[in-house]
Amino acid sequence: MEVGLKMGFEETELRLGLPGGGEGGEVVRKRGFSETVDLKLNLSSSKQDTSGMDPNDEKVTGLNKEKNLLLSATDPAKPPAKAQVVGWPPVRSFRKNILATAIRKSGSDESSGEKVAFVKVSMDGAPYLRKVDLRMYTSYHQLSDALAKMFSYFTIGNCGSQGLKDFMNESKLMDLLNGSDYVPTYEDKDGDWMLVGDVPWEMFVESCKRLRIMKGTEAIGLAPKAVEKCKKMS
Amino acid sequence: MCVVFSFLFGLSLMHKKMEFPFPDEVLEHIFSFIQSDKDRNSVSMVCKSWYEIERWCRRKVFVGNCYAVSPRMVSRRFPEFRSIELKGKPHFADFNLVPDGWGGYVFPWIVEMAGAFPWLEEIKLKRMVVTDESLELIAKSFKKVKVLVLSSCEGFSTDGLGAIAASCKNLEELDLVDCEVDDLSGHWLSHFPESYTSLVSLNISCLVSDEVSFSALERLVGRCTNLRTLRLNRAVPLDKVADILRRAPQLVEFGTGTYAAELRPDVYSDLAGAFSSCKELKSLSGFWDVVPDYLPAIYPVCSKLTSLNLSYATIQSPELIKLVSHCPNLQRLLVLDYIEDSGLEALASSCKDLQELRVFPSDPYGVEPNVSLTERGLVAVSSGCPKLMSVLYFCRQMSNEALVTIAKNRPNFTRFRLCIIEPRTADYLTHEPLDVGFGAIVQYCKELQRLSLSGLLTDRVFEYIGKYAKKLEMLSVAFAGDSDLGLHHVLSGCESLRKLEIRDCPFGDKALLANAARLETMRSLWMSSCAVSFGACKLLGQKMPRLNVEVIDERGPPDSRPESCPVDKLYIYRTIAGPRFDMPPFVWTMEDDPSLLLS
């Protein structure tokens with residue numbers, strides 16, 4: 001284990017002032033550029049936000065939690081079901097998908113269905129497609145939040161969770177479809193286009209091949225199925 | 001190359017002194033021996049006349065970041081190039097960290113070249129968005145195109161491929177590596193006319209449709225007698241493989257389709273016979289859905305194999321051991337972690353020529369290990385394979401002791417990528433961070449060009465990296481470090497660093513701003529889920545006009561939040577083309593204008 005190095009921080013020449021330490025800490029700069037930069041600008045001086053650099057800060061971890069569903073690093077016992085972190089481990093999508101379908105084809109009982117479910121999402125009027133992994137979410141609510149964020153620049157109306165809940169209510173459904181709001185629809189395994197929200201979540205994940213967020217008025221043709229189902233459920 | 005270079009150096013001195021002014025043709029002839037991009041760039045900086053001569057005779061152009069320069073700039077400087085290689089999205093796009101729509105469109109490049117370079121012969125694209133429209137324009141504009149390589153590209157369908165097949169009569173190589181293709185059907189293959197026979201290399205392994213036109217494929221293979229490389233996709237059933245191989249026994253590289261079929265002796269003997277007739281085979285891949293009983297069909301060719309890609313083969317360790325023990329000349333192996341430590345130990349004893357090993361996880365999201373693959377396998381290979389230079393290894397446990405042993409065994413590593421699946425996993429023996437282990441890797445492996453870190457790591461590991469990794473060109477970091485000091489060590493110490501990609505590390509403004517000048521000497525820096533504030537991004541953009549500082553944030557405009565708020569994703573790259581204009585709404589390029597400091 002001898003690497004032959006003695007690396008105490010006190011031996012390094014540089015001390016970058018850590019947030020909250022002294023008056024912003026000493027900063028020894030090697031680069032000429034630094035002379036032109038006032039590192040106090042909006043950084044250490046701004047309110048209580050030396051926190052921008054503190055990894056334990058609420059804001060940063062809050063951001064991480066929101067985006068990446070990270071587990072606490074201090075948690076020693078691994079929980080049975082893990083939230084997936086985006087892009088980790090760094091395995092490319094085509095590898096993940098192939099393994100999932102290989103396990104399925106070989107009839108193995110180990111896998112409880114595909115581990116990933118990437119589907120393309122298009123939105124009427126948006127110039128490019130997005131992709132989502134449906135396995136990242138556990139409910140329609142989460143999916144609709146994610147979609148709303150992705151396409152927030154194009155949403156005129158409300159494509160949020162409230163919109164999806166409205167599917168369960170027949171009269172609100174008709175209002176939604178008659179309005180200029182956007183409505184998420186999906187193509188299922190049989191090639192039929194359905195309104196998102198009309199089947200239990202797990203069933204939806206298994207059968208959804210692609211998503212399309214279309215204008216409410218255009219989705220009217222899909223309404224009868226959804227309305228029927230609403231009636232059956234209520 | 002060194003000999004040529006010192007010769008050139010002497011030549012340049014003489015030329016400068018005007019003692020022996022060489023005619024341009026002589027210099028051009030000498031330059032034609034210089035293929036490497038780096039060397040050509042050096043040559044062009046000797047003096048103005050060398051710059052001029054070089055630019056007129058550069059035949060291969062490499063653009064590592066398609067936004068570093070504009071298509072017009074390239075075509076103006078190199079009026080006679082025949083081959084272009086372009087790279088688009090940052091590497092982390094492979095792991096879905098770059099939102100769709102970010103950019104990397106090839107179309108403007110094709111448009112620029114279509115008019116001025118009708119003699120273009122090679123187009124190689126990586127991580128770019130390629131539309132059917134772009135492919136159609138290629139097919140229409142470049143009648144002489146010989147090589148089309150699309151690597152990790154997306155945005156096109158088999159219709160676009162059909163256009164290429166129909167029009168590119170001189171096409172020799174069509175290579176689709178890990179692309180996302182809208183596979184509408186296999187009929188595009190029949191767009192290759194019956195008169196077309198020039199195919200040398202065809203790789204369609206990434207096409208996902210269940211349909212493929214077998215008769216078109218067989219006829220194509222049969223009439224293209226120069227075919228050396230053929231990589232089929234999963235849709236091609238095993239019983240068709242024999243037919244195809246019999247039509248192309250000259251193949252050097254072959255990728256099967258699905259390697260599963262009902263167990264039938266006639267299918268087996270057909271297959272084994274077909275493989276036996278391929279005397280030139282050196283590389284095999286494919287092997288989706290392997291039925292182990294069919295594996296021995298390839299034994300006749302194993303002794304000559306130098307490259308084997310079993311990374312889709314869901315077979316267990318005993319079968320893998322049997323297979324690799326038949327391949328003593330193996331140089332490159334891609335495999336799933338089903339190989340286990342025992343399989344790697346067998347590999348270490350049979351394959352002494354091994355240079356590259358990649359072990360992929362069969363169950364990347366499982367919490368508990370599903371296979372017995374640990375640090376032991378990597379230690380075994382590193383001690384048994386003296387030529388091993390490049391490693392990509394996914395595992396669930398590691399120790400500093402193992403890493404130090406590996407480093408001491410294999411100081412010739414040039415690429416070392418270790419992924420311990422659970423973020424921030426400590427040394428499983430001592431529960432310490434893995435700083436010392438990775439420190440040993442960079443200390444002993446003096447030629448290391450590429451490194452990926454994982455496990456529990458403090459700022460210390462970056463201190464080691466900054467101190468020792470002087471030849472390191474690319475570094476990938478995730479869930480590591482304690483403070484800005486970590487990033488500072490890397491940026492200030494790693495002199496050869498060109499690409500740095502970081503995610504989920506507590507690195508913020510100070511290290512970035514203190515090393516801003518360094519960023520201009522690198523190709524790019526990616527930081528996501530770190531602690532860089534919007535204010536710092538703006539500052540960097542303002543102060544460094546030759547950098548594009550892109551803030552990528554799907555939460556909405558960064559100026560709708562306090563300046564001290566960290567940005568979600570940050571992509572910084574040097575450029576002489578200025579800010580780009582093809583950005584989606586969730587990407588902002590920080591302004592160059594210093595007057596905005598006041599707003």
Side-chain angles (χ1 to χ4, degrees), chain A residues 1 3 5 7 12 14 16-18 27 29-34 36-37 39 41-43 46-47 49 52-55 59-60 63-64 67-68 70 73 78 80 82 84-96 98-99 102-103 105-106 110 115 127-131 149-150 152-153, chain B residues 92 94-97 99-101 178 206 288-289 312 314 360-362 364-365 367 394 400-401 404 419 421 423-424 436 439-440 443 460 463-464 478 483-485 488 492 504 506 508-511 513-517 529 531 533 535-536 539 543 554-556 562-566 568 584-585:
Chain A
M1 287 246 316
V3 193
L5 299 167
M7 295 271 191
T12 57
L14 297 170
L16 294 182
L18 291 175
V27 185
R29 292 148 187 164
K30 275 186 175 176
R31 303 279 174 180
F33 164 80
S34 319
T36 67
V37 175
L39 286 181
L41 177 74
N42 276 340
L43 302 174
S46 65
K47 11 176 196 208
D49 283 322
M53 290 154 276
D54 184 340
K59 216 171 253 170
V60 175
L63 171 68
N64 286 346
K67 294 304 286 184
N68 293 331
L70 271 175
K78 291 183 177 129
K82 231 166 65 137
Q84 278 182 37
V85 176
V86 175
W88 191 267
V91 177
R92 301 191 54 185
S93 336
F94 62 82
R95 282 197 186 282
K96 293 188 262 197
I98 276 153
L99 284 168
I103 290 168
K105 275 189 180 175
S106 68
E110 292 166 25
K115 292 275 163 58
Y128 50 82
L129 296 179
R130 305 299 306 268
K131 281 194 300 286
K149 273 188 202 133
M150 270 183 211
S152 57
Y153 303 99
Chain B
F92 272 176
D94 286 356
F95 315 122
N96 301 304
L97 287 176
D100 293 331
D178 303 337
C206 60
W288 284 278
D289 324 302
Y312 303 119
T314 49
F360 294 98
S362 53
Y365 303 112
V367 175
F394 284 82
N400 282 310
E401 189 183 327
V404 173
C419 179
I421 289 174
R424 303 197 186 89
V436 167
Q443 190 192 357
R460 262 189 123 174
E463 221 176 332
Y464 296 140
S483 76
D484 273 50
L485 209 48
H488 177 75
S492 58
D504 294 277
D509 302 341
K510 290 185 174 170
L513 293 172
N515 291 284
S529 306
S533 72
L539 199 55
K543 293 296 180 185
E554 293 178 273
R555 297 170 298 172
E563 279 211 351
S564 54
C565 207
D568 184 22

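Here the structure is a predicted model, which means the values were calculated and not measured. Lettering follows sequence order; numbering is per chain, from 1.
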Q: Give the intermediate values and the outcome of side chain to side chain contact (heavy atoms under 4.5 Å, CB included) for residues A:Ser93 and B:Phe95.
A: CA-CA 7 Å; A:Ser93 336; B:Phe95 315 122; over 6 Å; no
(Q) I'd like to check B:Pro364 versus A:Trp88 (side-chain heavy atoms, cut-off strictly below 4.5 Å). Are they in contact? (A)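 Not in contact.
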(Q) Any side-chain to backbone donor/acceptor pair from B:Asn96 onto A:Gly87? Under 3.5 Å, distance only. (A) no
Minimum heavy-atom separation for [X] and [Y], please, with both atom names.
X        : Y        : answer
A:Arg92  : B:Asp178 : NH1-OD2, 3.5 Å
A:Pro90  : B:Phe394 : O-CZ, 3.4 Å
B:Tyr312 : A:Phe94  : OH-CE1, 3.2 Å
A:Val86  : B:Leu97  : CG1-CD2, 3.9 Å

Q. Who are the ring-ring contact (aromatic ring centres under 6.0 Å, His included) partners of B:Phe360, not counting sequence neighbours?
A.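 If we apply the ring-ring contact (aromatic ring centres under 6.0 Å, His included) test to B:Phe360, skipping adjacent residues, there are no hits.
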(Q) According to side-chain hydrogen bond (donor to acceptor under 3.5 Å, both in side chains), who are the partners of B:Asp94, at least two apart in sequence or on a separate chain? (A)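 Applying side-chain hydrogen bond (donor to acceptor under 3.5 Å, both in side chains) to B:Asp94 gives B:Arg127.
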